Amino acid sequence: MRLARPLEWPREVTAAREQQLRLAAEVRSFRSPAPPLTDWRLVAGLDVSYSKRRGRVYAALVVLDADNRLVEEVVGEAPLDFPYVPGLLSYREGPACCAAWQALSVQPDVLICDGQGVAHPRRLGLAAHLGLSFGVPTIGSAKSRLVGEYTEPGSRRGERSSLVDPESGERLGTVLRTRDNVKPLFISVGIRINLADAEAVILDRLTRYRLPEPQRRADRLVGRHRREVECA
DNA sequence: GCGACAG
DNA sequence: ATCTTGTCGC
């Protein structure tokens, strides 16, 4: 797919933070709450893996249909040239994600990203940032917390609690138990989707694992891909 | 100054 | 994320 909005990717921490403030203002300018997501047959999952020895970042996108059957899967890569700094993950993983997106031939109705959406210090987690560039609804599905407070949700699948910014009282997302007795997922909206719909998409794509199927498949694919290219 | 901190 | 074996619990 073509990038709806090609972005610049600063390679310096200070420049990255400054750009985030500008992009976050754009994310805020979208209609809120976002209109309901009417059709979401094609759901894509995105995940990233690093090869330190090769100095590369790999990203995999997997698109599944309403029955979680494979529609398309692609990988993209970019140099590993930005450090891991909490709050600046997009600058480390974004370029490879954009490469994968451009290799895609079908447009997903919604994209699940491995990371935060607006549950971010400047409200511009990976899912929000990529949503701005890709131009499709995005959901942040993180395996751990970056910001916000919450009470531990019940131990059974489907139980949830709110992720809240203690300063503003603003609701940042939902802490969702996706399987009985497993660590919950931190769900937040990226762009063009409301939180209720984001939760519905995640729940709809759960099978027997902690991660929703599109995200789990992307995770497997990118891990396999990295190991393959790392051998040669 | 100290602790927290997506992947 | 990545480096890594077996092991405890549903």
Side-chain angles (χ1 to χ4, degrees), chain A residues 9 13 16-17 20 23-24 27 45-61 75-98 100 111-132 138-150 154-159 163-167 172-191 198 202 207-212 215-216 218-231:
Chain A
W9 294 96
V13 170
R17 285 207 185 86
Q20 279 192 326
L23 298 180
V27 171
L46 169 68
D47 194 25
V48 166
S49 182
Y50 312 121
S51 173
K52 194 169 184 178
R53 40 172 304 209
R54 298 211 130 194
R56 303 292 286 175
V57 181
Y58 304 97
L61 272 168
V75 295
E77 60 178 278
L80 178 53
D81 59 1
F82 198 94
Y84 171 69
V85 179
L88 297 181
L89 187 64
S90 320
Y91 296 88
R92 190 167 166 83
E93 306 190 341
C97 295
C98 288
L111 170 65
I112 300 172
C113 302
D114 192 291
Q116 312 291 346
V118 298
H120 174 281
R122 291 169 291 283
R123 307 294 179 264
L124 195 77
L126 181 68
H129 197 149
L130 292 181
L132 216 45
T138 54
I139 299 170
S141 174
K143 298 183 292 299
S144 64
R145 183 199 75 103
L146 175 58
V147 294
E149 292 183 343
Y150 66 99
S155 62
R156 309 260 311 208
R157 163 187 214 148
E159 303 212 73
L163 181 65
V164 175
D165 177 355
E167 303 306 306
L172 298 177
T174 295
V175 185
L176 179 65
R177 193 79 66 184
T178 53
R179 275 197 65 186
D180 291 357
N181 307 310
V182 296
K183 290 182 51 181
L185 250 34
F186 295 75
I187 308 302
S188 58
V189 303
I191 222 169
I202 297 296
T207 60
R208 74 172 95 167
Y209 305 96
R210 177 161 81 123
L211 301 178
Q215 186 179 1
R216 193 181 73 87
D219 181 82
R220 290 173 53 197
L221 175 59
V222 78
R224 187 203 323 151
H225 182 264
R226 180 183 59 78
R227 284 189 295 275
E228 280 176 5
V229 300
E230 221 161 41
C231 281

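Reminder, nothing fancy here: chain letters follow the sequence lines and each chain counts from 1. Bear in mind the structure is a predicted one, so any value in this text is a computation, not a measurement.
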Compare all side-chain heavy atoms of A:V222 with those of A:V75 and state whether any distance is below 4.5 angstrom.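 A side-chain contact is absent here, since even the closest heavy-atom pair is not under 4.5 Å.
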Taking side chain as C-beta onward, heavy atoms only, is A:D165 less than 4.5 Å from A:R123? yes
Tell me, which of residues 47-56 of chain A have any heavy atom that sits under 4.0 Å from an atom in DNA chain B?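 Within this stretch, nothing sits under 4.0 Å of the strand.
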Residue list, side chain to side chain donor-acceptor pair (under 3.5 Å) with [X], at least two apart or on another chain:
{"X": "A:E149", "result": "none"}
{"X": "A:T138", "result": "none"}
{"X": "A:K52", "result": "none"}
{"X": "A:Q20", "result": "A:R122"}

Which atom pair, heavy atoms only, marks the closest approach of [X] to [Y]?
{"X": "A:L61", "Y": "A:L221", "answer": "O-CD2, 4.5 Å"}
{"X": "A:L130", "Y": "A:C113", "answer": "CD1-SG, 4.3 Å"}
{"X": "A:S188", "Y": "A:V118", "answer": "OG-N, 3.6 Å"}
{"X": "A:H120", "Y": "A:V147", "answer": "N-CG2, 3.6 Å"}
{"X": "A:S90", "Y": "A:G125", "answer": "OG-C, 4.2 Å"}

In dot-bracket, 5' to 3', how would DNA chain C read with Watson-Crick or G-U wobble pairs under 3.5 Å, [ ] for crossing ones and | for pairs to another strand? ..........
Reckon [X] touches a base, only the sugar-phosphate, or nothing at all at heavy-atom distances under 4.0 Å?
{"X": "A:G87", "answer": "base"}
{"X": "A:R226", "answer": "sugar-phosphate"}
{"X": "A:E93", "answer": "sugar-phosphate"}
{"X": "A:L124", "answer": "nothing"}

I'd like to know if A:K143 pairs up with A:D114 as an ion pair, taking the criterion as any Lys NZ or Arg NE/NH1/NH2 lying under 4.0 Å from an Asp or Glu carboxylate oxygen.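 Looking at A:K143 and A:D114, the cut-off is met.
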Under-4.0 Å salt bridge between A:D219 and A:R210: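 Looking at A:R210 together with A:D219, the answer is no, because their closest N to O distance does not fall below 4.0 Å.
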Atom CZ of A:R227 and atom C1' of C:dA1 are separated, to the nearest Å, by 13 Å
Grab the OH-P distance between A:Y84 and C:dC3 for me, whole Å please. 18 Å
With A:R53, which residues qualify under side chain to side chain contact (heavy atoms under 4.5 Å, CB included), at least two apart?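 Partners of A:R53 by the side chain to side chain contact (heavy atoms under 4.5 Å, CB included) criterion, ordered by chain and then number, come out as A:S51, A:E230.
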Output all residues satisfying side chain to side chain contact (heavy atoms under 4.5 Å, CB included) with A:V175, sequence neighbours left out; order by chain, then residue number. A:Y150, A:P153, A:S161, A:L163, A:P184, A:F186
Which is the 5'-most and which the 3'-most nucleotide of DNA chain B that has an atom under 4.0 Å from a heavy atom of chain A? B:dA4 to B:dG7
Using the test ring-ring contact (aromatic ring centres under 6.0 Å, His included), find all partners of A:H129 that sit at least two apart in sequence or belong to another chain.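 Scan of A:H129 (ring-ring contact (aromatic ring centres under 6.0 Å, His included), adjacent residues dropped) gives A:W9, A:Y91.
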Name the stems that DNA chain B belongs to, where each is three or more consecutive Watson-Crick or G-U pairs with both distances under 3.5 Å?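 Stems (3+ consecutive pairs): none listed.
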Which parts of nucleotides 5-10 of chain C does protein reach within less than 4.0 Å, heavy atoms only, written one letter per nucleotide 5' to 3' as B for base, S for sugar-phosphate only and - for none? -----S
